[in-house]
Amino acid sequence: MKVAFYSSKKYDIDSFGDANGNTGIELNFLESRLEKSTVPLAAGHDAVCIFVNDYCDADVLEGLANLGVKYVALRCAGFNNVDLQAAERLGVEVSRVPAYSPEAVAEFAVGMIMTIVRKYHKAYSRVREGNFLLDGLLGFNLFQKTIGIIGTGKIGLLTGKILAKGFGCNVIAYDLYPSKQADECGIRYVDTLEELLRQSDIVSLHCPLTDGTKYMINDTTLGQMKKGVILINTSRGALIDTAALINALKSGHLGAVGLDVYEKESAYFFADSSAKIIYDDNFARLLSFYNVFVSGHQAFLTVEALKKIADTTLQNLQDRANGKRSPNLVERK
């Protein structure tokens, strides 16, 4: 089986190279992102392997199908960038990695909270410049603070558990489908999203991006939060309406924001844009706020997570090559 591996980075090449062994799968690593203009690069391949910011809409899928590519292997959990209806119509199968390392993302989310609350990033920059003043570095204890977790899949549960069991936080959660494991993690559910927002000192997002969750953080829900609240998003960028977020920051309603994702990140993330102009005015404005901390979608990036991603993706591809039905197929509901 020949696979066109789009959006490849050095860590992808290393992790998949180590895991591939004698699978018989030939990976052709491409720096290009999958979009309509790069579909021809998949000619002569049986499948494509893509990541979170590759475009796989109806036009792209039709182009792939015309080349004889009938399999899309996502090396991530989310699949909102794939038009599943078009895939079904064209007979293209789609697989994913449903859980690679929830610990990686949960630990990163807690680290982001600590960075913002205790201002590690500002202290680091100051000390590097020989400035040892503590003015402006005042934080607060997490102990007994109320943390609101929106979405209690594996990552949300682990984040809540670390904060409840490790820091002594009062962790509350909201999810349309409550988990039976929440209680043992020290997490208590509330009945409504509004109740969670009104109570929380810190709100952390751990939801998939769907039609129902897009822009769930908007003018209305931001207004329901406490003044001075801290908002964390390590999930999907479009959970937050950026224009509404900027308004809440400008008004002083939000205390601080930590983002590992951004709704239009594909234009900038996973690439060196240091010598480029940021044409996205909303993104440029976010980066200008002293109380906004942004990282480049790195929450997943650990040795353990990369190994799991490679192992599961390769197994999905092997199942396809051997005519087996992968347990990780994504199908339209």
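Throughout, numbering of the chain's residues begins at 1 and tracks the sequence. For clarity, every value in this text was computed on a predicted model and none was experimentally measured.
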inquiry  = Hydrogens and angles aside, do D319 and Q315 bring a side-chain donor and acceptor to less than 3.5 Å of each other?
reply    = yes

message = Under 3.5 Å, is there a donor on one side chain and an acceptor on the other for S7 and D54?
response =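 Checked: S7/D54 side chains pair up, N/O donor to acceptor below 3.5 Å.
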
query = How about F270 and V52: do any of their side-chain heavy atoms sit closer than 4.5 Å?
reply = yes

message = For a 4.5 angstrom cut-off between non-hydrogen side-chain atoms, does S200 reach I172?
response = yes

ask   = Between T221 and N218, does a side chain to side chain donor-acceptor pair (under 3.5 Å) hold up when you go through it step by step?
value = CA-CA 5 Å; T221 51; N218 50 51; 3.3 Å; yes

task = May I ask you to list the residues sharing a hydrophobic cluster with Y215, side-chain cutoff 4.5 Å, ordered by chain and number?
result = none

message = Who clusters with L134? Use side-chain heavy atoms, under 4.5 angstrom, across I, L, V, M, F, W and Y, and order the result by chain and number.
response =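 L137, all in the cluster of L134.
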
request  = Look at the side-chain heavy atoms of Ile, Leu, Val, Met, Phe, Trp and Tyr, link any pair under 4.5 Å apart, and say whether Y11 and F269 land in one connected group.
outcome  = yes

key: L34-F29 co-clustered via ILVMFWY side chain contacts under 4.5 Å   =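 No, because L34 and F29 fall into different hydrophobic clusters, even though each may have its own neighbours under 4.5 Å.
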
Atom [atom1] in [X], atom [atom2] in [Y]: separation rounded to 0.5 Å?
X    : Y    : atom1 : atom2 : answer
F283 : I246 : CZ    : CD1   : 10.5 Å
L286 : D281 : CG    : CG    : 11.5 Å
N322 : K324 : CG    : NZ    : 5.5 Å
R198 : Q224 : CZ    : CD    : 5.5 Å

key: Short N-O contact, D46 and R320, less than 4.0 angstrom   =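 No.
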
query = Are E331 and R325 close enough for a salt bridge, meaning some N to O gap below 4.0 Å?
reply = yes

inquiry  = I'd like to know if the side chain of N81 and the backbone of Y55 have a donor-acceptor N/O pair within less than 3.5 Å.
reply    =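 Such a contact is absent between N81 side chain and Y55 backbone.
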
inquiry  = Determine whether a donor-acceptor pair (N or O, by modelled atom type, separation under 3.5 Å) exists between the side chain of H253 and the backbone of L222.
reply    = yes

inquiry  = For K250, give me all partners under salt bridge (Lys or Arg N to Asp or Glu O under 4.0 Å), at least two apart in sequence or on another chain.
reply    =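 Listed in chain order: nothing, the list is empty.
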
query = Does atom CD of Q85 have more than 12 heavy-atom neighbours from other groups under 6.0 Å away?
reply =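 No - once you tally the heavy atoms of other residues, nucleotides and ligands closer than 6.0 Å, there are 12 at most.
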
query = Step by step, would you call Y268 with Y262 a ring-ring contact (aromatic ring centres under 6.0 Å, His included)?
reply = CA-CA 10 Å; Y268 304 102; Y262 172 63; 7.9 Å; no

